[in-house]
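Take a look at the structure below.
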Amino acid sequence: MCYGRPAGLFYLVTVPAEIRTAALAHIRDRKLLQTRSVGKTAFYMAGGKIDPGENAEQALHREIREELDAGIVDGTLEHLGVFEAPAYGHPEGTDLHMTCFLAELSAEPRPASEIAELRYFTVDEYAAMPDVAPGSMLVFRRLQSLGLLD
């Protein structure tokens, strides 16, 4: 009799993944800025992954310079909250941990780096898109509850 696993057979154990990001909630005319990366269909919060050795605020400053070719105006950065949701566009079981900030930009944002397009949305406009990122939708709903978005 043979007990245990056959020789050479290994079991793959999957560990739930978490993506830690910093995001910008930039509001103009009661609409929220969202960006679409090259080759993607969904719009997401501007910002990106927090690199090793960075905190969320440092990552946000770096990502906004890279993605929007703009800086954050000194004294306008305000912590909005941490939003957790399934990571859209990633394998099932991948979670998003997004630290989000309100801030003003030092220049007119324009698509840079991997960003193909940027747009401002009301809550209903974003919710009506064919592809909606759950993390972004949480931010839209929070800002709407605060009376900041239409």
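In what follows, residues are counted from 1 in the order of the sequence shown. All figures in this text were calculated on a predicted structure; none of them were measured in a lab.
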So which pairs with a foot in residues 41-61 pass salt bridge (charged side-chain N to carboxylate O under 4.0 Å, His left out), sequence neighbours left out?
->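 Found Asp51-Arg62, Glu54-Arg62.
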Are [X] and [Y] side-chain neighbours, meaning at least one heavy-atom pair lies under 4.5 Å?
{"X": "Ser37", "Y": "Ile115", "value": "yes"}
{"X": "Asp131", "Y": "Tyr88", "value": "yes"}
{"X": "Phe121", "Y": "Met129", "value": "yes"}
{"X": "Glu84", "Y": "His97", "value": "yes"}
{"X": "Leu80", "Y": "Phe101", "value": "no"}
{"X": "Met45", "Y": "Leu32", "value": "yes"}
{"X": "Thr99", "Y": "Asn55", "value": "no"}
{"X": "Phe83", "Y": "Leu96", "value": "no"}

For the residue pair [X] and [Y], what are the closest heavy atoms and their distance?
{"X": "Ile19", "Y": "Thr21", "result": "CG2-CG2, 3.7 Å"}
{"X": "Ala22", "Y": "Ala59", "result": "CB-CB, 4.1 Å"}
{"X": "Ala85", "Y": "Leu138", "result": "CB-CD1, 3.8 Å"}
{"X": "Tyr126", "Y": "Ser136", "result": "OH-CB, 3.5 Å"}
{"X": "Ala70", "Y": "Ala107", "result": "CB-O, 3.9 Å"}
{"X": "Val139", "Y": "Ala25", "result": "CG1-CB, 4.4 Å"}

Value rounded to 0.5 Å, distance of [atom1] in [X] from [atom2] in [Y]:
{"X": "Met98", "Y": "Ile50", "atom1": "CE", "atom2": "CD1", "value": "11.0 Å"}
{"X": "Leu143", "Y": "Ile27", "atom1": "CG", "atom2": "CD1", "value": "4.5 Å"}
{"X": "Gln34", "Y": "Phe140", "atom1": "CD", "atom2": "CZ", "value": "4.0 Å"}
{"X": "Leu68", "Y": "Glu63", "atom1": "CG", "atom2": "CD", "value": "9.5 Å"}

Main-chain N/O of [Y] paired to [X] side chain as donor or acceptor, under 3.5 Å:
{"X": "Tyr44", "Y": "Gly135", "result": "no"}
{"X": "Glu114", "Y": "Glu67", "result": "no"}
{"X": "Arg65", "Y": "Ile72", "result": "no"}

In terms of side-chain geometry, is the basic nitrogen of Glu108 or Arg28 positioned less than 4.0 Å from the acidic oxygen of its partner?
->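 Yes.
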Flag if over 12 foreign heavy atoms under 6.0 Å of CG, Asp29 |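 No, because the 6.0 Å sphere around CG of Asp29 holds 12 heavy atoms or fewer from other groups.
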Determine, stepwise, if the pair Glu125 / Tyr120 fulfils side-chain contact (heavy atoms from CB on, under 4.5 Å).
-> CA-CA 9 Å; Glu125 288 168 343; Tyr120 289 86; over 6 Å; no
Can you check side-chain contact (heavy atoms from CB on, under 4.5 Å) on Leu77 and His61, steps first, answer last?
-> CA-CA 10 Å; Leu77 194 66; His61 282 277; 4.1 Å; yes
Hey, quick one: are Val38 and Ile64 part of the same hydrophobic cluster, counting side-chain heavy atoms closer than 4.5 Å, chains of contacts allowed?
->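 Different hydrophobic clusters.
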